[in-house]
Amino acid sequence: MTSKSISVLRKIAGPFYVNRRLLGYYWERLQKNKLSIAGLGFILFLAIVGIFGPLFTQDPTKADLEVPNMPPPGFTRQESIYNIKTNDFTNRTIEGGLTHPLGTDSKGRDMLAMLVSGARISLFVGLLATGIAVFLGTFIGVLSAYLGGWVDNALMRFTDIMMTFPFFLLLVLIVFIFGSSLAIIVLVIGLTGWTGAARLIRSEALSLRTRDFITASKALGASDTRIMFNHLIPNVISLVIVMASLSIPGVIMAEAALSFIGLGDPTSTSWGTILNAGQHSLETAWWVAVEPGIMLFLTVLAFNFFGDGLRDAFDPKASI
Amino acid sequence: MRNYIIKRLFYSVIIAWGILTVTFVLLRIGPTSPVDRYILNIAAKGQNVESVKQAIEARYGLDKPLIEQYFTYLGNLLQGNWGWSFSTSMPVLELIGSHWIYSFQLILLATIFAIVLGISIGMLSAVKQNTKFDYAASIFSFIGISIPGFWLGLMLILVFAVQLGIFKTYYDTNYPIWSLENLKQLILPVMALGIGELAGYVRYTRSAMLDNLRKEFVTTARAKGLSERTVIGKHVFRNAILPLVTIIMFDLGSIVFGGAYLTEIVFGIPGLGQVSFNAIFANDYAVVVAITLIGTFLVLLLNLGTDVVYTYLDPRIRYD
Amino acid sequence: MNSEALLEVKNLKTWFFTRRGIVKAVNGVDFALRRGECLCLVGESGCGKSVTALSLLRLFDSPPGKIVEGEIIYQGIDLARCPIGHLRQIRGKDIAMVFQNAQSALNPIFTIGDQIIEQINTHLDLNREQALEKARMLLDKMRIPEVDRALTQYPHQMSGGMKQRAMIAMSLSCDPCILIADEPTTAVDVTIRAQIMNILQELKRNRDMSIIFITHDLSLVREIGDRAAVIYGGRIVEIAPVERILNKPAHPYTRGLISCLPDVSSESKRLPSIEGNTPNPMDMPSGCPFHPRCNRVMDVCRSVLPELMNILDVHAVACHLHPNLGK
């Protein structure tokens, strides 16, 4: 990273970088929202599991046809086996065991290992794609608001068109045509998902632009870029953070949905991929569809709680 | 107003055209050809694959330069010819004609379900702020917006169809559309598709009602001697509903292109989502482009409709 | 106290039970409103005059607000306790209210006509045509030009003064016998203020209507008031006919307020002001709430709350400087 981009980053993170007291104040406000802290706790837990978990679990891709559809410990499954010699069916009860604490899927893969791998994928896609989207959105929004005129007009018309575009269909199309890899999924979501952020930040920046302190720094002879980076962006940063935390769930769900319909990255195991398999074994092995869904649900819930809490913490008008 | 509508319609046509172009180009530069499925059959019969493929492609003009194909397609479209579906061997229009009703009924019922219940629960929640009902509604709405619709669909099938046996696990097209059986088998899909939206509407309605309950005109209305029913049901509600109209319309777009698509796949409903999904995998570009185009245009018209309705709901808004 | 009293308020206490503590916004207000008179409630912002007005019709937010003590007697009924259904028949019909800011007090998405007719239909048994005619007449009386157009206009389409007049028209639509006007001229500019004051004066003369006029502006009191009650810290500290209170104020606070009136003839360069701030309603000073700001404070003021007592038949004051003459 060049020193220039570091200084830009520092300016973007300005209010937090310099002002520890302000950060402390927001943290205090956030802490008052118990659900939000619980959400943050779950996200951190998931991050740790995603980063270090694979070191301790089995290989999520290792099929073991000796133990297909093994239930989690404490549950049982009835299976009928056709015996070719006696020409009749024998019923067998399969019990869960501790070797596979969350059971196995139809190919005998360890559910726990797959869920841990899925956590990694979900967070990776969620954070990275949202990062790209929000960065683009902030940039376009601030640019549009600050430059105004035909630039603003053109950018906002473009945003309108992007917003109308059936996003999920586009995702399916592109992934189908260019092949599914995590990189493409992240890029497509990131490059199409900025529209909401751009609009919101544009309107926020527009209202900021007319405030007195911007006029004051203009009067002092500050350049456009200086005003943009020193005044506009630091002032919309809290909005950006809230936007990001609230759009991560949507991204995670989009990736899961894509994998669910069979267009996930075939080289990695995500929650959506497991759900895709689980869909076809609802009758024999319910846990394959239930477990990744619960993880997905909890993750989205955690981000929603956390984002909500953040929004209230940043909102000076909200009483906490 | 009329000028505004004409302008917007013109604008919608431009956007729809843009989306058509992108979809068309994406599909035609893809690695597979619409005639691949024919070729497979021919290869099985031991004929010369390449020559037959060339013959078919020439017959349908698929060997021409992309730009020429594009203008041929556009020209046909303007004359009302929506093209030929290679994967189902029927005209695209006929294919759409026999499948649209399945999507339509699902989307319509889910939207009504979400709007009616969402607004009612949200209103009650605001009026009974900080009661047990309010808390329960809040928890429910948080869960509702966090639960992925397609997974909810799977779980509904697991519980109500597989375990309890109340419903069939798959959508049965043998029932006529206007039959009770059909309505019954739509219950689970409608819930899977609608609960996320419903939960969102509960939250929006609640917060909009609370915002407006604090307004001064509420005191005026009470000072006039109006009953609480009129104060809340008329004065507060009519103001609170305004932003909701936009949100509902915006959601409809995401339902049409995201939720309904997945719900149809989960429940095996042969609607346009399912059809275009299959068409993407068969590279049946005419079908995909047509369905995308219709969907986009519908969403654009709905947006325009919303804006027009809005001028009646909110007299402060005027488009010139 | 007075046989002519139309509305009698006795020891009214409206408190707000908030998370941070109890706000004693109105803390023992007594007054009687006579038929046909204009009683002014005067005080700085935050003194409790608006809450007093809202309390008369129980229009404050509840929760957190609550009338914890006192009576509001109107036609033999205690409005502070009567069932809400009964109160609703009085709201807008017998006692009507005009608010400070017509911009936010009118519902933005209904036409002026709809809003007036809604009130008429709530209380009077008129058909659509009669109600419309009545609304037209009311707006005409308020000297609103192009009445028919005004009826179909939305609040945002009208100027500030028109909105305020339309709101007065609405409040008069059921011929109330008491009109509560809560700073009706604060949010409008000077020319419109004059128009509105004219309208109110006319109402007083022609309709034989009682008006409770709430203001912080003593010059308006002089213009319209018959009697004035000065409110401080949620209590009435002085009440007397306007002439009397302006010329012979008895309470140091009232004197302070009057000396703050800009005097064009005066040579002094600085406008006088009362030192200090209005008391925190969550933490009232002991004794007389005014004592920290009072320039004639005595020991007794710090510990004993002075009662409102008559120093003349028509003049009552709550101050230790005035030994009780009435006993």
Side-chain angles (χ1 to χ4, degrees), chain A residues 35 39 157-158 160-179 196 246 249-250 252-258 260-263 271-272 275-276 278-284 286-290 292-305 308, chain B residues 11-12 14-16 18-19 22-23 25-32 138-139 142-143 145-155 157-159 161-163 169 196 203 250 253-254 256-262 265-266 273 276-277 280-281 283 285 288 291-293 295-297 299-300 303:
Chain A
L35 287 176
R157 288 292 83 77
F158 182 56
D160 283 348
I161 296 176
M162 287 296 289
M163 275 185 138
T164 329
F165 210 99
F167 155 75
F168 191 68
L169 197 82
L170 181 73
L171 193 61
V172 171
L173 261 180
I174 292 182
V175 167
F176 171 70
I177 289 160
F178 296 103
L246 287 176
I252 291 181
M253 280 216 230
E255 187 278 326
L258 201 63
F260 172 69
I261 58 172
L263 287 172
W271 291 334
L275 276 174
N276 181 23
Q279 180 188 14
H280 304 296
S281 55
L282 277 181
E283 272 129 10
T284 43
W286 52 265
W287 51 91
V288 183
V290 171
I294 289 178
M295 290 308 290
L296 192 56
F297 165 63
L298 287 179
T299 309
V300 171
L301 192 68
F303 273 106
N304 279 336
F305 278 151
D308 235 44
Chain B
Y11 193 53
S12 300
I14 300 282
I15 291 182
I19 286 168
V22 173
T23 320
V25 169
L26 274 178
L27 276 161
R28 292 298 298 125
I29 59 171
T32 55
S138 277
I139 292 169
F142 253 121
I143 292 175
I145 53 173
S146 301
I147 208 161
F150 61 95
W151 181 63
L152 178 63
L154 282 184
M155 292 301 101
I157 293 176
L158 179 63
V159 173
V162 176
Q163 304 283 347
T169 52
R203 293 192 70 193
F250 197 78
S254 74
V256 169
F257 285 110
Y261 197 85
L262 290 165
I265 290 169
V266 169
S276 70
F277 181 70
I280 287 176
F281 283 93
N283 208 313
Y285 71 92
V288 182
I291 292 178
T292 312
L293 194 62
T296 311
F297 210 72
V299 171
L300 287 169
N303 286 346

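Numbers restart at 1 for each chain; the letters A, B, ... are given by sequence-line order, proteins then strands. Treat the numbers as computed from the prediction; the structure is a model and nothing was measured.
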Item checked: Engaged part of Val22(B) at the chain A interface, taking heavy atoms whose separation is under 4.5 Å -> side chain
Margin query: On a heavy-atom basis, which atom in Asp308(A) and which in Arg203(B) lie closest, and how many Å separate them?
Written below: OD2-NH2, 3.0 Å
Margin query: Nearest 0.5 angstrom please: Gln279(A) CD to Ile265(B) CD1, how far?
Written below: 8.5 Å
Margin query: For chain B, which candidate among Leu171(A), Thr299(A), Val172(A) shows the most heavy-atom pairs at distances under 4.5 Å?
Written below: Val172(A)
Item checked: Distance, nearest 0.5 Å, that separates CG of Leu173(A) from OG1 of Thr292(B) -> 6.5 Å
Check: Roughly how far, to the nearest 0.5 Å, is the CD1 atom of Ile143(B) from the CG atom of Leu301(A)?
Finding: 7.0 Å
Checklist line | Contact class of Phe305(A) relative to chain B, heavy atoms under 4.5 angstrom | finding: both
Notebook entry, point to check: At a heavy-atom separation under 4.5 Å, does Ala256(A) approach chain B through its side chain, its backbone, both, or neither?
Noted result: both
Next item on the list: Quick one: pull up CH2 in Trp286(A) and CG in Leu158(B) and give me the separation to the nearest 0.5 Å.
Entry: 8.5 Å
Notebook entry, point to check: How long is the span from the OG1 atom in Thr23(B) to the CG atom in Leu170(A), to the nearest 0.5 Å?
Noted result: 8.0 Å
Notebook entry, point to check: What part of Leu35(A) lies closer than 4.5 angstrom to a heavy atom of chain B: side chain, backbone, both or neither?
Noted result: neither
Notebook entry, point to check: At their closest point, which heavy atom of Ile261(A) faces which heavy atom of Phe281(B), and how far apart are they?
Noted result: O-CZ, 4.5 Å
Item checked: Proximity breakdown for Tyr261(B) and chain A, heavy-atom pairs closer than 4.5 Å -> side chain
Check: So Phe297(A) and Trp151(B), would you call those rings parallel, tilted or perpendicular, with 30° and 60° as cut-offs?
Finding: parallel
Note to self: Using every non-hydrogen atom in the two residues, find where Ala257(A) and Leu262(B) come nearest and quote the distance to one decimal.
What the structure shows: CB-CD1, 3.6 Å
Checklist line | Within-4.5 Å side-chain heavy-atom neighbours: Leu154(B) and Phe260(A) | finding: yes
Item checked: Atom pair CG/CD1 of Asn304(A) and Ile145(B) - distance to nearest 0.5 Å -> 4.5 Å
Item checked: Non-hydrogen side-chain atoms of Phe176(A) and Leu26(B) separated by less than 4.5 Å -> no
Item checked: Shortest non-hydrogen separation from Leu296(A) to Pro148(B) and the atoms involved -> CD2-CG, 3.5 Å
